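Side chains are part of it too, since the values below use all heavy atoms of this structure and drop only hydrogens, waters and symmetry mates. The structure displayed is predicted, hence computed values, not measured ones.
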Amino acid sequence: MLTAFAQAFRTPDLRRKLLFTLGMIALFRLGSVVPTPGVDARAVDACVQAAGNTGVYGLINLFSGGALLQLAVFALGIMPYITASIILQLLTVVIPRLEALKKEGQSGYAQITQYTRYLTIGLAVLQSTGIIALARAGQIFPTCREDLIPDEGILTLATMVITMTAGTAVIMWFGELITDRGVGNGMSVLIFTSVVAYFPTALWQIQVQQGWGIFFVVCAIGLVTIAAVIFVEQAQRRVPVQYAKRMIGRRMYGGSSTYIPLKVNQAGIIPVIFASSMLYLPLLASNVAGPDSTWSVWLQRYFVTGAHPVYMVTFFALIIFFTYFYVAITFNPKEVADNMKKYGGFIPGIRAGKPTEEYLDYVLSRLTAPGSLYLALISLIPLIAIVLINANQNFPFGGVSILIMVGVGLETVKQIESQLQQRNYEGFLR
């Protein structure tokens with residue numbers, strides 16, 4: 001493995017890509033610690049140290065690498081872009097114009113990407129305004145009495161909104177640069193960087209709060225969890241496809257065999273993000289109702305704390321629902337069956353057309369069941385850790401963090417390995 005790393009850095013073009021990616025990551029982390037103009041950095045540090053738990057803002061703080069609670073220039077992280085991408089992906093199924101663009105190929109995807117950028121900037125303006133409003137009202141750190149924004153003039157607040165929005169635009173640009181000139185998918189690499197940056201802090205908090213014994217037990221369980229996640233993420237059902245031979249002019253076409261790879265976790269981490277976003281709604285409802293109302297107290301007890309059994313069951317059910325929902329809108333068995341029939345392909349033992357569509361739908365439903373349970377169980381690990389060892393909500397070995405680390409890590413290593421194999425070098429693993 002070390003020899004493969006050495007060979008990667010000895011290859012001039014691959015070395016340039018790796019160093020460029022590392023440089024972009026360094027700039028990204030720098031912007032995650034530079035405070036936004038108008039923020040009292042000393043007061044923010046004091047509140048972060050006193051809070052200990054990121055509460056309901058944990059997922060957004062995780063995607064920003066801890067920059068959100070620091071009110072840094074890159075406080076919003078990659079979250080606006082993720083939200084915009086998901087919204088455009090869902091709208092593609094609903095709006096005919098977007099569906100037509102998707103079918104146009106590269107030019108259509110370029111137009112959809114441009115729409116995603118515009119929507120990202122709009123969401124960044126809304127989210128930065130909301131975060132600043134929460135910071136002024138003292139709702140980000142409810143137990144902290146520090147004045148995070150000393151000057152609340154309109155010019156200062158406008159400067160903060162513009163700075164955070166510009167930070168999101170710069171992050172989006174970094175991601176596209178990494179995709180074009182670096183290694184791996186740029187946005188995925190930046191998300192991976194944010195999660196990994198938060199990882200040592202979360203582990204050290206466990207050691208400080210629980211001692212070395214619990215720390216080593218958590219690390220051992222974490223290794224087992226990582227191995228299980230790798231196993232499931234790589235698992236797939238290969239549906240065989242046979243293409244009939246066809247004579248076109250004087251040449252024979254077709255006659256080849258291939259397969260349709262259907263992953264067990266076909267939906268990725270999107271259902272977890274959807275479910276987490278839905279469970280932010282009770283927090284907003286409790287804020288609207290007021291802290292003293294019966295409705296607000298009930299929501300605070302069962303949904304806002306994050307470790308109540310009602311919250312866990314609701315989270316579990318939402319993940320399963322959104323897994324089926326997302327797989328249904330991203331994989332269309334009818335479209336796949338029609339394309340196979342159009343090009344003379346068929347599944348051995350299954351007639352082309354409607355029977356193929358029903359068979360693919362049947363196989364996909366059976367795969368989605370264990371995939372949804374797997375996502376739900378992995379996502380509940382941080383909540384269970386809160387109950388058992390009083391851990392932070394961003395418990396490192398579980399939830400979105402472990403899924404991102406394993407998924408992005410595997411894809412990036414595969415891309416580096418493929419570039420090594422193109423130059424007749426050995427991969428990372430023999």
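With sequence neighbours left out, the side-chain contact (heavy atoms from CB on, under 4.5 Å) criterion links Val170 to Phe74, Phe174. Annotation: ring pair (Phe, Tyr, Trp, His ring centres under 6.0 Å) contacts of Phe346 (sequence neighbours excluded): none. Scored by the ring pair (Phe, Tyr, Trp, His ring centres under 6.0 Å) test, Phe216 finds Trp212 as partners (sequence neighbours excluded). Taking the ring pair (Phe, Tyr, Trp, His ring centres under 6.0 Å) definition, one finds that Phe316 meets it with nothing, sequence neighbours left out.
Separating the CZ atom in Phe274 from the CD1 atom in Ile269 is a distance of 11.0 Å, to the nearest 0.5 Å. Remark: Thr193 OG1 to Ile404 CD1 distance equals 11.0 Å, nearest 0.5 Å. In this structure, CG in Leu377 is found 11.0 Å from OG1 in Thr225, a value given to the nearest 0.5 Å. Here the straight-line distance linking atom CG of Leu123 with atom OG1 of Thr168 works out to 9.5 Å at 0.5 Å rounding. With values rounded to the nearest 0.5 angstrom, Leu101 atom CG is found 6.0 Å from Tyr115 atom OH.
In terms of modelled atom types and a separation under 3.5 Å, the side chain of Thr21 and the main chain of Ile178 share no donor-acceptor contact. The closest donor-acceptor contact from the side chain of Ser372 to the backbone of Ala369 lies under 3.5 Å. Distance alone, capped at 3.5 Å, is enough to place a donor-acceptor pair between the Gln266 side chain and the Lys263 backbone.
Taking a 6.0 Å sphere around CD of Gln114, one finds it holds more than 12 heavy atoms contributed by other residues, nucleotides or ligands. Other residues, nucleotides and ligands contribute only 12 or fewer heavy atoms inside 6.0 Å of the CZ atom of Arg181.
Trp173 has its side chain out of reach of Arg117: every pair of non-hydrogen atoms, C-beta onward, lies at least 4.5 Å apart. You'll find the side chain of Glu411 stays beyond 4.5 Å of the side chain of Asn185, heavy atoms only.
Between Tyr324 and Ser365, the closest heavy-atom pair is OH-O, 3.8 Å. The two residues Leu76 and Ile131 come nearest to each other via the heavy atoms CD2-CG1, 4.3 Å.
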Side-chain donor-acceptor pairs of residues 352-362 under 3.5 Å, sequence neighbours excluded:
from: Thr356; atom 1: OG1; to: Arg351; atom 2: O; distance (Å): 2.6
from: Tyr359; atom 1: OH; to: Arg237; atom 2: NH2; distance (Å): 3.2
from: Tyr362; atom 1: OH; to: Arg366; atom 2: NH1; distance (Å): 3.0

List the atom pairs, with distances to 0.1 Å, where a side-chain N or O of residues 78-95 and a protein N or O form a donor-acceptor pair under 3.5 Å, not counting sequence neighbours.
from: Thr83; atom 1: OG1; to: Met79; atom 2: O; distance (Å): 2.9
from: Ser85; atom 1: OG; to: Tyr81; atom 2: O; distance (Å): 2.9
from: Gln89; atom 1: OE1; to: Tyr326; atom 2: OH; distance (Å): 2.8
from: Gln89; atom 1: NE2; to: Tyr326; atom 2: OH; distance (Å): 3.0
from: Thr92; atom 1: OG1; to: Leu88; atom 2: O; distance (Å): 2.7

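Between Asp338 and Lys334, at least one side-chain nitrogen of the basic residue sits less than 4.0 Å from a carboxylate oxygen of the acidic one, meeting the salt-bridge criterion.
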